[in-house]
Amino acid sequence: MSSVSSQTQFRYAQPPSKVLHLRNLPWECTEEELIELGKPFGKVINTKCNVGANRNQAFIEFADLNQAIAMISYYASSSEPAQVRGKTVYLQYSNRQEIVHNKTTGDVAGNVLLVTIEGVGARDVSIDVLHLVFSAFGFVHKIATFEKTAGFQVLVQFSDSETASAAKEALDGRSIPRYLLPEHVSTCTLRITFSGHTDLTVKFQSHRSRDYTNPNLPVASSAMDGSGQFIAGFDAKKQEPESNVLLASIENMQYPVTVDVLHMVFSTFGPVQKIAMFEKNGGFQALIQYPDVQTAVVAKEALEGHCIYDGGFCKLHLSYSRHTDLSVKVNNDRSRDYTIPDTSIGMLNTQPSILGQQPGPMMGPAAVPHYGGAHPFALAGNGIMGGVPAVPGYAGVSHQTMPPMSMQLPNNTYMPPPPGAMPPAMGPGMMQFPSQSGQQPPGTAMPSYRQ
DNA sequence: AGCACA
């Protein structure tokens with residue numbers, strides 16, 4: 001307590017400043033609009049928009065104090081209020097003398113993203129789903145999740161800031177597809193900024209942190225911290241010896257699962273080298289070979305328990321095979337070797353009717369980081385919630401490079417989305433995923449973020 | 001509709 005009180009001010013009557021504080025601005029007001037507004041009164045040398053919790057406040061800084069005074073005076077006596085896009089804007093002197101751009105975080109592009117997930121039950125979004133979502137843009141090195149006052153937050157580490165920027169650009173403000181979420185979780189909107197971090201420290205593979213660059217990292221067993229929910233889950237499963245070859249058991253196979261379908265599904269995570277299908281005690285199984293263990297691990301994590309088709313059909317159960325190299329002697333409808341150069345031709349010839357797809361080792365994320373990443377959603381967690389089918393080519397992915405998938409099956413529950421359904425430039429508020437499934441009414445899928 | 005991530 002000192003003698004500041006001699007300067008008794010009315011709470012909102014600020015002394016003049018060349019910085020003006022504006023409020024009640026329209027959503028996503030631009031710097032240009034602010035400059036337009038101030039221009040008649042002087043030279044606007046700095047602005048800061050989207051300020052405050054509602055992001056509807058801003059500051060403009062004039063070159064000269066008199067210019068700021070001119071603007072305030074004008075609108076103080078004007079019958080027409082200051083307006084932006086027809087919305088009345090309230091002006092006053094700022095309590096600061098200059099605009100400070102706090103660029104410490106959030107605006108400086110880095111390779112690590114800070115993601116805040118808004119939504120009821122957001123903390124129940126699994127790390128695997130997050131991995132899936134962000135893998136669409138490139139290799140995800142590490143993920144760490146934590147809870148702060150801001151809510152459920154996630155740090156996602158990419159190789160470089162370009163990749164991170166691409167992910168941020170595409171996903172900020174969008175929502176995780178409904179069918180990737182547990183039912184009790186509401187629409188989860190992603191708010192993304194750049195983190196100041198460049199390399200995360202992940203000590204354990206756990207339900208809240210992963211290091212995808214280090215498969216040998218110990219799995220946290222009891223090392224989970226106190227917030228313990230349903231911890232054990234997949235952490236236990238990870239103990240089994242990993243392999244580059246996955247054994248897939250297909251449960252409830254009401255619809256044919258072809259080698260091509262499997263190839264499509266598993267190519268999402270990297271190049272598939274070989275596939276062999278066979279029947280075992282009445283059930284269907286397949287071996288899928290990747291070039292490396294790591295890819296297999298990612299694929300297994302992402303696909304385990306998911307269904308290829310809506311309605312719980314063709315549910316995948318994955319384990320690691322003891323094989324490391326499958327011997328595929330002949331390419332037929334049960335086995336395929338994609339490492340043999342002209343396999344693809346033979347494949348198209350043998351199975352042209354179903355797919356007409358480009359077979360492709362080139363479809364792996366590793367090979368085509370920017371677009372390839374889109375695939376992780378192909379099969380995406382529909383299985384988790386018995387949701388939507390695997391339909392590739394969602395988020396702005398060129399349909400030339402992603403031919404319609406093998407969902408043209410006897411099952412007409414879903415078809416590939418119509419060409420116009422997923423424009424490359426997505427509308428506000430949503431990652432564009434097919435919502436043909438009756439389980440995902442468009443209304444819930446496409447919340448409006450505009451006001 | 002009220003001051004800038006604490």
Side-chain angles (χ1 to χ4, degrees), chain A residues 4 7-35 37-38 41-42 44-63 65 67-69 71-110 112-119 122-123 144-156 164-165 168 171-173 189-198 200 450-451:
Chain A
V4 198
Q7 290 277 326
T8 306
Q9 304 170 348
F10 292 111
R11 197 187 323 182
Y12 296 134
Q14 302 294 339
S17 163
K18 57 190 185 9
V19 180
L20 301 184
H21 174 231
L22 321 200
R23 56 205 150 82
N24 200 37
L25 287 159
W27 177 251
E28 282 179 357
C29 174
T30 65
E31 181 170 23
E32 288 69 34
E33 288 170 310
L34 297 179
I35 294 172
L37 193 66
F41 305 95
V44 176
I45 60 167
N46 212 344
T47 65
K48 185 175 175 72
C49 25
N50 301 322
V51 167
N54 295 327
R55 299 172 64 85
N56 61 356
Q57 298 174 46
F59 298 92
I60 62 180
E61 179 176 345
F62 283 101
L65 176 62
Q67 298 167 351
I69 294 173
M71 186 166 180
I72 290 290
S73 316
Y74 174 83
Y75 284 114
S77 58
S78 166
S79 53
E80 287 289 308
Q83 290 184 325
V84 171
R85 284 182 237 163
K87 203 164 180 240
T88 296
V89 173
Y90 300 90
L91 301 171
Q92 63 190 155
Y93 297 115
S94 171
N95 55 21
R96 302 198 198 179
Q97 291 305 118
E98 56 186 14
I99 288 179
V100 177
H101 281 287
N102 206 357
K103 287 233 164 195
T104 52
T105 56
D107 272 340
V108 178
V112 178
L113 297 177
L114 172 62
V115 183
T116 303
I117 305 182
E118 300 171 351
R123 60 207 140 277
T145 68
F146 52 94
E147 229 153 328
K148 272 281 184 67
T149 48
F152 185 59
Q153 295 194 307
V154 186
L155 290 163
V156 182
S165 299
K168 176 177 181 291
L171 298 178
D172 188 19
T189 303
L190 306 174
R191 301 290 173 198
I192 305 179
T193 61
F194 292 105
S195 161
H197 293 91
T198 55
L200 307 175
R450 309 246 167 210
Q451 299 174 336

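What's counted below: heavy atoms across the whole structure, side chains too, no hydrogens, waters or symmetry copies.
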CA sep, side-chain torsions, deciding dist, call: N46(A), H101(A), side-chain hydrogen bond (donor to acceptor under 3.5 Å, both in side chains): CA-CA 9 Å; N46(A) 212 344; H101(A) 281 287; 2.9 Å; yes
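- Nucleotide dC3(B) holds its P atom 13 Å from the CG atom of L22(A), rounded to whole Å.
- Between the CD atom of Q57(A) and the P atom of dC3(B) there is a distance of 6 Å, given to the nearest Å.
- Contact check, R23(A) against dC3(B): no side-chain N or O comes under 4.0 Å of OP1 or OP2.
- Atom P of nucleotide dC5(B) and atom NE2 of H101(A) are separated by 12 Å, given to the nearest angstrom.
- With rounding to whole Å, Q97(A) atom CD is found 17 Å from dC3(B) atom P.
- In this structure, R55(A) places its CZ atom where only 12 or fewer heavy-atom neighbours from other residues, nucleotides or ligands lie under 6.0 Å away.
- Ring centroid separation for the pair Y74(A) and F41(A) comes in under the 6.0 Å cut-off.
- Atoms CG (L20(A)) and C1' (dA4(B)) sit 15 Å apart, rounded to a whole Å.
- With rounding to whole Å, K48(A) atom NZ is found 6 Å from dC5(B) atom P.
- Counting only heavy atoms from C-beta on, H21(A) has its side chain closest to dC3(B) among dA1(B), dA4(B), dC3(B).
- If you find the closest nucleotide of DNA chain B to I99(A) and to N24(A), the one lying nearer the 5' end belongs to N24(A).
- In terms of modelled atom types and a separation under 3.5 Å, the side chain of Q57(A) and the main chain of G52(A) share no donor-acceptor contact.
- Among the heavy atoms of the strands lying under 4.0 Å from V100(A) is at least one base atom, whether or not backbone atoms are also near.
- Between the P atom of dA4(B) and the CD atom of Q14(A) lies a distance of 12 Å, rounded to the nearest Å.
- Look at OH on Y75(A): it is 19 Å from P on dA1(B), rounded to the nearest Å.
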